[in-house]
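First comes the structure, then the notes that go with it.
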There are 2 protein chains.
Amino acid sequence: MKKITIGEAARQSGVKVPTIRYYEGIGLLSAPNRSEGNQRSYEPSDLNRLAFIRHARELGFEIDAIRTLLQLQDDPHQSCASADAIAKARLIEVEQRIRSLNALKAELEQMVEGCGHGRVDQCRVIEVLADHGKCVHPHH
Amino acid sequence: MKKITIGEAARQSGVKVPTIRYYEGIGLLSAPNRSEGNQRSYEPSDLNRLAFIRHARELGFEIDAIRTLLQLQDDPHQSCASADAIAKARLIEVEQRIRSLNALKAELEQMVEGCGHGRVDQCRVIEVLADHGKCVHPHH
DNA sequence: CTACATCCTCTAGCGACTAGAGGTACAAGA
DNA sequence: TCTTGTACCTCTAGTCGCTAGAGGATGTAG
């Protein structure tokens, strides 16, 4: 039963020290035991939880969604319908975001290509920004 | 020379009233003349500026980048190299974001497909979140 | 003249952290 | 044992780009 300091937990989980404290503050992570000198001392299970959180954050889940997912994980007999719904909602978000970013990409490419690298009054970048009508797809 | 109220400006530009005031506060938009009763009164040129800002925001440019782009627009004899650089940087950001979101999409699809819609202990969503190693592309 | 929409300023809040001040604890070396 | 240096503690405030709300003044239509 070796003690895991917050720094060690940060190193192993890839979550920064202040962020771990922040997660504790908002109740995403339960408060760990403290050493005699009032320092946080984590258990291996806390590391799993942190890894879970980090992974979910990387996948773009919001803190509130992660809160729900963690509760589900804690109670394995529950139906996984909500986990499924959360993941599906996130998937739809991501798909929309990709579509929208692809439209932006097309727009930006047009701008950059059209730029004659001369003076501002011939610059397509500025021109397109000033006049939305000059966009390839005016609906972004 | 009809007076354009902030509400009218908001309607015509698609930028919300408090946001217009916010842009004035941070110096992105110059402070307009005021009516006798201290209400903002905009000129048509302000509407162009607002449209420019809105368009740039839609394309995901940061406020600071827009500040620079607006300065360039005001001085058409300048080289457009910086406008070009800003747009290129934004394009690279967007491309990276699209790549990363595509990876996330693959991950989320795997999760959602693999979910047997049963109980949490068989749920692929929770399982993958808990174990990064189960990801399709572990490098996101 | 009276509603009522719109405007004004100001402060505080959002999400998800991040930075910094000012102080305490702990591990390693002299 | 002492010292040095790192890591830890709490707390507040800042980031970005707005958004919400309080509390009051102004403008317009009937």
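Heavy-atom basis, side chains included; hydrogens, waters and symmetry copies ignored. First the proteins, then the strands, lettered A, B, ... as listed; each starts at 1.
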Can you find a side chain N or O atom of B/Ser35 that sits less than 4.0 Å from OP1 or OP2 on D/dT26?
no
[atom1] of [X] versus [atom2] of [N]: gap in Å, rounded?
X	N	atom1	atom2	value
A/Asn38	D/dC11	CG	P	10 Å
B/Glu58	D/dC18	CD	C1'	15 Å
B/Ile6	C/dT9	CD1	C1'	12 Å
B/Ile26	D/dT15	CD1	C1'	13 Å
A/Glu36	D/dC9	CD	P	15 Å
B/Tyr42	C/dC7	OH	P	10 Å
A/Phe61	C/dA16	CZ	C1'	17 Å
B/Ile4	C/dC7	CD1	P	13 Å

In terms of heavy-atom contacts, does CD of B/Glu127 have more than 12 from other residues, nucleotides or ligands at under 6.0 Å?
yes
Counting neighbours of CD on B/Glu62 that are heavy atoms of other residues, nucleotides or ligands and sit closer than 6.0 Å, is the number greater than 12?
no
From [options], pick the nucleotide closest to the side chain of [X]?
X	options	answer
A/Gln39	C/dC17, C/dA25, D/dG17	C/dA25
A/Thr5	C/dC8, D/dC8, D/dG17	D/dC8
A/Tyr22	D/dT10, C/dC26, C/dC17	C/dC17
B/Tyr23	D/dC8, D/dC18, D/dG27	D/dC18
A/Arg34	C/dC17, C/dC8, D/dC9	D/dC9

Stretch residues 9-21 of chain B: residues that reach within less than 4.0 Å of DNA chain D through a heavy atom:
B/Lys16, B/Thr19
Earlier contact from the 5' end, DNA chain D, for A/Arg40 and B/Ile63
A/Arg40
In terms of heavy-atom contacts, B/Ala10 and B/Val17 come closest through CB-CG2, 3.6 Å
Tightest non-hydrogen contact, residues A/Leu50 and A/Tyr23, listed as CD2-CD1, 4.3 Å
Ion pair present between B/Glu24 and B/Arg21, side-chain N to carboxylate O less than 4.0 angstrom?
no
Taking NZ, NE, NH1 and NH2 as the nitrogens, is one of them in A/Arg49 or A/Asp74 under 4.0 Å from a carboxylate oxygen of the other?
yes
4.5 Å side-chain heavy-atom contact, B/Arg34 and B/Gln39
no
